[in-house]
Number of protein chains: 2
Amino acid sequence: MERATLRDVARLAGVSVATASKALNGQPQVRASTREKVMQAASQLDFSPNTHAQALITQRTGTVGLLTSDLEGRFSIPILMGAEDAFGTDQTSVFLCDARGDSIREKHHLRALLSRRVDGLIVVGARPDSRPSLGRDLPVPVIYAYAPSDDPADLSLVSDNEGGGRLAVDHLIRCGRRKIAHITGDATYGAAQDRARGALDRLAQEGLSVAGGEVWFGMWSEAWGRGATRMLLERCPDVDAIFAGSDEIARGVVDVLHEERLDVPGQVAVVGYDNWTILAANARPPLTTVDLNLEQLGRVAAQRLFAAIGGTLGSGIEKFPGRLVTRESTASLR
Amino acid sequence: MERATLRDVARLAGVSVATASKALNGQPQVRASTREKVMQAASQLDFSPNTHAQALITQRTGTVGLLTSDLEGRFSIPILMGAEDAFGTDQTSVFLCDARGDSIREKHHLRALLSRRVDGLIVVGARPDSRPSLGRDLPVPVIYAYAPSDDPADLSLVSDNEGGGRLAVDHLIRCGRRKIAHITGDATYGAAQDRARGALDRLAQEGLSVAGGEVWFGMWSEAWGRGATRMLLERCPDVDAIFAGSDEIARGVVDVLHEERLDVPGQVAVVGYDNWTILAANARPPLTTVDLNLEQLGRVAAQRLFAAIGGTLGSGIEKFPGRLVTRESTASLR
DNA sequence: TCAACTGCCGAAAAGGTTTTCAGGAACGTA
DNA sequence: TACGTTCCTGAAAACCTTTTCGGCAGTTGA
């Protein structure tokens, strides 16, 4: 199937290419009847303009690069979907590049994307902690999502972990819980620290301190959730709520509570984090959890980028609030 | 940062654009010293050729479209990664488009991709069952992955579910199991039927029939895994192995076996399907399961497509074998 | 000495579109 | 009739690169 060019359309419609172009692009200086002829010719030939020729002349490609560090991870995907969604409604297409956590590969992809003259770039990190900036002298705007850039001159969109921690504890307090523990992941993750800070902050506001005497940092795994819960119960058998730093951890927590014949949420309420549906919704009971709203983050990133194309972006780190999803693992006491 | 063009490079090197082009592209008719001058000028200006101008003249864009139906789903991602990986080493970039299961949206994306003159297309389905063909008269080669096209003239790459079912049962037989049941998902899925067929086939080969008298079709959920297992145990309390149609179902199966105080794998061995790591590896005990090798499928799709660009593709449905991943939920009897 | 090569280089065309600008047609006005 | 307007249309330049082909200089062979 050979492709029709604007020349073919013009010929069929009996006009010049210039007129054909203007007719198809809705320029005003063309008679209605002429426009109609051209449109018809175009659809008859199933014409679609060659974007490369357009790009060459307009200096806009209608493409953006999405540079992710780990596709595998479940955090990139929703952001990617949000971005793809927001662009999809415009006439922008997305180049997907996965650097697999390798900075050489990342450079390579970056070069390729610039060579393709993308109009902008979204960089999605693998971990919520900050990552190296791509540099300041890039010819296109760049937005960092999820993982902020380490250069404050860049614009980063991240989720508000401190707020999320506060959200979770606030909910537990409203449920009438007073002895609230916090079991979370790797202490070297800024996200773990931030969530804990938010949690402690909200507790303090209520005049409470964390049950068990400390925040239990460990690993982002089901196994750690189990281990930490056992230790916690030993030290503080009358705990009435556990805020877990991830849904995986929460699954472990619930598991041990069952083993110990403690009713969830009757005796102990549990809140997870991430709203990883397959884990949270299939738990017994289904987990109340904090959703990161990553899709929204991706959508906003796309919008911001789009708005900034041609102009310049802001800078700094912008935080996006999470959202509490209540399921059956929490309920009011009594 | 303004971008350098070939003109700038040529000027700096003191040659014509034609010579500069030939020097950079390794054409033979240019003196070594001249080439050197050009290369140096190019790197000094950080020149990278405008791919749109190249595309215009060479009629090749070095891009492919990846049209997926549901990014959300966990099956698209590994395929996508495999494809991205295989292309990444070449100088091909991938346009990602998610149709969200909407055929209107799919048409829209298809049109956009063709307008961008992609060199080829990979269509990744959401379900393993066949999907509508994009049509025969497309100007670029198309490969269907995971979900085969309903037009036998197209080329489809899918995973071999029948072989996977055989693989699972074969393993259980080698473990000395004789009373093997099969609990699986929605009977309207071809994949469920195929896996069951493979399983029954291997059983028959051994002179066995399926424990419980029938294959338990139901839903792809943990809850169904639990329900079906209860029914199964009632009807056939001495079952010594259960092949589950998915890891989710397997989680439910294991759950009920625990409740009934049946040891896994001591008394009953369990095999899952999909190797969805978060579920399979975190189960207690970790699940032996069939991996679909989707990444490989994606890689091969990319290679095939690359090979076919310019020429033509084969047709028909090509099946890719799965791979048994053994963990602790299966072991030899005694 | 002249003809035929060989090795390098550059002018120019091509690819498909957008945009500017000049000019033709039709019309009204003096 | 001459002229100024208003509408439309089309020729041509521009975007950046690749590729063809002609030509120049120097070399070889007779």
Side-chain angles (χ1 to χ4, degrees), chain A residues 1-39 41-42 45-63 91 112 114-119 139 310, chain B residues 2-39 41-42 45-63 91 111-112 114-119 139 310:
Chain A
M1 199 183 103
E2 279 321 304
R3 290 194 249 235
T5 74
L6 192 57
R7 273 257 285 286
D8 303 326
V9 174
R11 185 161 30 208
L12 180 58
V15 299
S16 71
V17 288
T19 305
S21 171
K22 280 179 282 199
L24 292 175
N25 293 322
Q27 300 276 9
Q29 344 88 310
V30 42
R31 194 165 28 174
S33 65
T34 310
R35 185 186 309 276
E36 182 52 36
K37 262 192 312 187
V38 173
M39 302 278 258
L45 295 175
D46 195 25
F47 168 77
S48 68
N50 184 318
T51 55
H52 297 100
Q54 289 179 316
L56 215 46
I57 185 127
T58 61
Q59 308 283 39
R60 282 287 171 75
T61 60
T63 60
Q91 50 280 41
L114 291 179
S115 191
R116 292 194 183 283
R117 301 297 190 270
V118 291
D119 292 333
Chain B
E2 279 320 301
R3 283 150 150 140
T5 73
L6 192 56
R7 273 258 283 286
D8 303 326
V9 174
R11 184 160 31 208
L12 180 58
V15 299
S16 72
V17 288
T19 305
S21 171
K22 280 179 283 201
L24 292 174
N25 292 323
Q27 300 277 6
Q29 341 88 313
V30 41
R31 196 166 24 174
S33 65
T34 310
R35 186 187 307 278
E36 183 52 38
K37 264 191 311 186
V38 173
M39 302 278 258
L45 295 176
D46 194 25
F47 169 77
S48 68
N50 184 318
T51 53
H52 298 100
Q54 288 180 316
L56 216 45
I57 185 125
T58 62
Q59 307 285 36
R60 281 286 170 76
T61 60
T63 60
Q91 50 282 40
R111 190 169 184 81
L114 292 179
S115 190
R116 294 196 181 284
R117 300 299 190 269
V118 291
D119 292 333

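Reminder, nothing fancy here: chain letters follow the sequence lines and each chain counts from 1.
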To the nearest Å, how far apart are A:Q27 CD and C:dC21 P?
14 Å
Separation of B:D8 atom CG from D:dT17 atom C1', in whole Å?
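Going from CG in B:D8 over to C1' in D:dT17 covers 13 Å.
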Output all residues satisfying side chain to side chain contact (heavy atoms under 4.5 Å, CB included) with B:A112, sequence neighbours left out; order by chain, then residue number.
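B:A112: no side chain to side chain contact (heavy atoms under 4.5 Å, CB included) contacts found.
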Which residues satisfy the side chain to side chain contact (heavy atoms under 4.5 Å, CB included) test with A:T51, sequence neighbours excluded?
A:Q54, B:S115, B:R116
Would you say C:dT18 has OP1 or OP2 under 4.0 Å from some side-chain N or O of A:S21?
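Checking C:dT18 against A:S21, a side-chain N or O does come within under 4.0 Å of OP1 or OP2.
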Let me check something: any side-chain donor-acceptor pairs from residues 22-29 of chain A under 3.5 Å, sequence neighbours excluded? List them with distances.
unit_1 : atom_1 : unit_2 : atom_2 : d
A:N25  : ND2    : A:S21  : O      : 3.1
A:N25  : ND2    : A:S21  : OG     : 3.4

Could you tell me which residues satisfy side chain to side chain donor-acceptor pair (under 3.5 Å) with B:S48, sequence neighbours excluded, listed by chain and number?
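Once residues adjacent in sequence are excluded, B:S48 has no partner under the side chain to side chain donor-acceptor pair (under 3.5 Å) criterion.
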Identify, with sequence neighbours excluded, every residue that meets side chain to side chain donor-acceptor pair (under 3.5 Å) alongside B:T58.
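Testing B:T58 for side chain to side chain donor-acceptor pair (under 3.5 Å), a comparison that skips the adjacent residues, returns none.
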Not counting sequence neighbours, which residues clear salt bridge (Lys or Arg N to Asp or Glu O under 4.0 Å) with A:R7? List them please.
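By the salt bridge (Lys or Arg N to Asp or Glu O under 4.0 Å) rule, A:R7 matches no residue at all.
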Could you tell me which residues satisfy salt bridge (Lys or Arg N to Asp or Glu O under 4.0 Å) with B:R31, sequence neighbours excluded, listed by chain and number?
none
Minimum heavy-atom separation for B:R117 and A:P49, please, with both atom names.
NH1-O, 4.1 Å
Heavy-atom nearest pair, B:F47 first then B:L6, reads CE1-N, 3.3 Å
Heteroatom pairs (N/O) under 3.5 angstrom, protein to nucleotides 9-11 of chain D:
unit_1 : atom_1 : unit_2 : atom_2 : d
D:dT9  : OP1    : A:R31  : NH2    : 3.1
D:dT9  : OP1    : A:T34  : OG1    : 2.5
D:dT9  : OP2    : A:R31  : N      : 3.2
D:dT9  : OP2    : A:T34  : OG1    : 3.4
D:dG10 : OP2    : A:S16  : N      : 2.9
D:dG10 : OP2    : A:S16  : OG     : 3.4
D:dG10 : OP2    : A:T19  : OG1    : 3.1
D:dG10 : O6     : A:K22  : NZ     : 2.7

Measure the spacing between CD of B:Q91 and OG1 of B:T63 and express it to the nearest 0.5 Å.
12.0 Å
For the helix from C:dT1-D:dA30 to C:dA30-D:dT1, measure the angle between the helix axis at one end and the axis at the other, each built from five pairs, rounding to 10°.
70°
Report all interatomic pairs (protein N or O, nucleotide N or O of nucleotides 13-16 of chain C) with separations under 3.5 Å.
unit_1 : atom_1 : unit_2 : atom_2 : d
C:dG16 : N2     : A:A53  : O      : 3.4

